[in-house]
Amino acid sequence: MISYFTRNKGKRELKICEDSLTASVFDCLKYLPTSMFWEILQSSLYQKKLPIVPGQLFDIIFWDKWNASGTTNSKYVEPDVLLRFTEFDVIIEAKRYDKNQQYTQQMENQIQGYYNEFAEDDKDLFYIMLGGLHSTKNQDNYKLSIKLESGLPLVKDVIICKTDWTKILTVVDNYSTKIKKTNLPTTDSYSRILDDCISAFALHQYYKKEWLSEIKYSLNINEGSLKNYFNYSLKIK
């Protein structure tokens, strides 16, 4: 969660919000090996669109401020997270909840803002909608045509991906369980990082789920037991 404070989002006070959730989760995940971090992100997507091999992750930037030229913003464009790899970059726009908060204009502004800053790098760009989804269905790529300072046109095809916090938590929890089963000293640190990540989710009211089909002890539910339960509950009230 250190990025939440170093980027002056919390103003020395922790508030449970979209920014604290984003910083808490990604500040944990960034300490994992790049291959594991990338696999967790890949596995959480509703459509598998990211490259299989990411290459070197050389920077993670929270809430960068980009030139707003060509956007509907008046001052600057501020994406939540930018992952910078050698061959491509990834914008992550995170929302506090899983439903109905993403909007197209913000996505278009952030993509334009990115190319205002990094067009000369001429890298592929992936845009991940994290949370706030109106639909989990596949979304077409976003095509952008811009002019470089040299006056030459640059046409880019930005790949749009989708996930939500619940899916990321499920993947993180699965990895944590898998690592604990290996019982290897070399993975102890990864296990602790993932446990901290799960705790960060819980702090923001996202909890691990245990499905009835996965419960290992027997549970006998019948009409009699339900009647006894509700009768008891009514008496307590």
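In this text the structure is predicted, and so the values were computed from the model without any measurement.
- Each salt bridge (charged side-chain N to carboxylate O under 4.0 Å, His left out) pair with one or both residues in residues 194-205, not counting sequence neighbours, appears once here: K180-D195.
- Note that the CD atom of E39 and the OG atom of S44 stand 11.5 Å from one another [nearest 0.5 Å].
- The stretch residues 37-59 participates, sequence neighbours left out, in these ring-ring contact (aromatic ring centres under 6.0 Å, His included) pairs: W38-F85, W38-F88.
- With sequence neighbours left out, the ring-ring contact (aromatic ring centres under 6.0 Å, His included) criterion links Y97 to no other residue.
- E93 meets the salt bridge (Lys or Arg N to Asp or Glu O under 4.0 Å) test with K95; sequence neighbours excluded.
- With sequence neighbours left out, the ring-ring contact (aromatic ring centres under 6.0 Å, His included) criterion links Y175 to no other residue.
- Partners of D59 according to the salt bridge (Lys or Arg N to Asp or Glu O under 4.0 Å) rule, which considers only residues two or more places apart in sequence or in another chain, do not exist here.
- Annotation: salt bridge (charged side-chain N to carboxylate O under 4.0 Å, His left out) contacts involving residues 130-145, sequence neighbours excluded, comprise K143-D157.
- Other members of the hydrophobic cluster containing I52, listed by chain and number, are V53; membership follows side-chain contacts under 4.5 Å among ILVMFWY residues, whether direct or relayed.
- K48 meets the salt bridge (Lys or Arg N to Asp or Glu O under 4.0 Å) test with no other residue; sequence neighbours excluded.
- Residue pairs meeting the salt bridge (charged side-chain N to carboxylate O under 4.0 Å, His left out) criterion with at least one member in residues 162-171: none, sequence neighbours excluded.
- K123 pairs by the salt bridge (Lys or Arg N to Asp or Glu O under 4.0 Å) definition with D89, not counting sequence neighbours.
- In terms of the ring-ring contact (aromatic ring centres under 6.0 Å, His included) criterion, F201 has no residue partners (sequence neighbours excluded).
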